[in-house]
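The figures here come from the full heavy-atom set of this structure, side chains too, leaving out hydrogens, waters and symmetry mates.
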Amino acid sequence: MKLNHFTVILLLITLLLSACSTTRMNFVNSSIVPAAGGKATVKKDKNKNFVIEVDIFNLAEPQKLTPSKGAYLVWMESTGNSVKKLGQIVSASGTFSKALKGSLRATTIAEPLRIFITAEDDVTIQYPVGQTVLTTQSRNYE
């Protein structure tokens, strides 16, 4: 009987920990902006949405790329290879030249399988057309 109680408690603890799990996705270095790097963390909120936080460092101003671009946009790929724009990378200081750091926080109903950042001319586009600057390769569970 004690074994059954222990098993039930162990299963409940496992269930609670898995419900609060965090997925960490590291960005792979690219040849376009070789010094840039960063990570994305994905958590489920109480409404079962996915909260995505992207933090990037050593990211050059998009205007300094060749060819020059207007902004960095963050995208996610989910099941069925569907791609969704999450938003624009925002620098901590307002300009990339001073801080070289950027971040984005977004919420989505679909689980991201891959997150990638492109350099784009137009921030209003709905599908990526520019160069992929950074991309995640695999997911690591914390």
Side-chain angles (χ1 to χ4, degrees), residues 3-142:
L3 182 61
N4 287 339
H5 289 295
F6 178 74
T7 305
V8 169
I9 291 171
L10 186 61
L11 285 172
L12 286 174
I13 291 172
T14 305
L15 180 64
L16 286 173
L17 289 176
S18 67
C20 299
S21 68
T22 299
T23 301
R24 181 175 175 176
M25 305 166 95
N26 293 316
F27 286 97
V28 178
N29 293 36
S30 85
S31 60
I32 298 167
V33 185
K39 66 177 173 130
T41 55
V42 181
K43 296 179 184 177
K44 266 192 173 180
D45 67 10
K46 64 181 181 180
N47 297 319
K48 298 187 180 182
N49 293 317
F50 294 90
V51 178
I52 302 166
E53 294 184 18
V54 175
D55 292 302
I56 305 297
F57 56 87
N58 293 333
L59 190 63
E61 288 183 75
Q63 295 81 11
K64 292 187 178 182
L65 296 176
T66 304
S68 177
K69 297 295 179 180
Y72 292 112
L73 298 181
V74 180
W75 308 85
M76 68 170 246
E77 184 178 319
S78 59
T79 55
N81 290 330
S82 65
V83 174
K84 177 185 179 188
K85 180 170 69 172
L86 297 175
Q88 181 179 350
I89 289 284
V90 178
S91 170
S93 68
T95 60
F96 283 100
S97 59
K98 292 180 183 174
L100 298 176
K101 293 181 181 179
S103 63
L104 171 91
R105 183 181 167 105
T107 304
T108 181
I109 59 170
E111 182 177 11
L113 301 177
R114 182 175 75 103
I115 297 173
F116 59 101
I117 300 171
T118 61
E120 304 288 354
D121 292 319
D122 182 9
V123 296
T124 64
I125 62 171
Q126 295 303 310
Y127 299 97
V129 294
Q131 296 175 308
T132 299
V133 176
L134 290 170
T135 185
T136 59
Q137 185 174 19
S138 62
R139 299 188 299 192
N140 299 316
Y141 293 92
E142 292 180 339

Please tell me if the side chains of V74 and Q88 come closer than 4.5 Å, counting only heavy atoms from C-beta onward. no
Would you indicate whether the side-chain heavy atoms of V133 and T118 approach each other to under 4.5 Å? no
As an exercise, state the distance from CZ of F116 to CE of M25, rounded to the nearest 0.5 Å. 11.5 Å
Please tell me if the side chains of I56 and L134 come closer than 4.5 Å, counting only heavy atoms from C-beta onward. yes
Taking atom CD1 of I32 and atom CG of L65, what is their separation to the nearest 0.5 Å? 7.5 Å
Could you list the residues that satisfy side chain to side chain donor-acceptor pair (under 3.5 Å) with S82, not counting sequence neighbours? S78
Residues in salt bridge (charged side-chain N to carboxylate O under 4.0 Å, His left out) contact with D121, at least two apart in sequence or another chain: K69
Apply side chain to side chain donor-acceptor pair (under 3.5 Å) to N49 and list each qualifying residue two or more places apart in sequence or on a separate chain. none
Considering non-hydrogen atoms only, spot the tightest contact between K44 and F50 and give its length. CE-CZ, 3.4 Å
Set of side chain to side chain donor-acceptor pair (under 3.5 Å) partners for E53, sequence neighbours left out: R105
For Q131, enumerate each residue passing the side chain to side chain donor-acceptor pair (under 3.5 Å) test, keeping only those at least two apart in sequence or located in another chain. none
Partners of K85 by side chain to side chain contact (heavy atoms under 4.5 Å, CB included), sequence neighbours excluded? L73, W75, Q126
Kindly give the heavy-atom pair with the smallest separation between F57 and G38, and that separation in Å. CE2-N, 3.4 Å
Heavy-atom pair of closest approach, residues Q63 and G70: NE2-O, 3.6 Å
Closest approach of M76 to T108 (non-hydrogen atoms, all atoms of both residues): SD-CG2, 3.7 Å
Smallest heavy-atom separation, G102 atom then I89 atom, equals CA-CG2, 3.8 Å
Indicate yes or no: at least one non-hydrogen side-chain atom of L104 is less than 4.5 angstrom from one of V90. no
Please enumerate all residues that pass salt bridge (charged side-chain N to carboxylate O under 4.0 Å, His left out) together with E77, with sequence neighbours excluded. R114
Heavy-atom closest contact (P34 atom, N29 atom, distance): O-ND2, 3.3 Å
Any side-chain heavy-atom pair from I115 and F27 closer than 4.5 angstrom? yes
Using the test side chain to side chain contact (heavy atoms under 4.5 Å, CB included), find all partners of A35 that sit at least two apart in sequence or belong to another chain. N58
Heavy-atom check, side chain of L113 versus side chain of T79, under 4.5 Å: yes
Could you go through the side-chain contact (heavy atoms from CB on, under 4.5 Å) check for I52 and T41 one step at a time? CA-CA 6 Å; I52 302 166; T41 55; over 6 Å; no
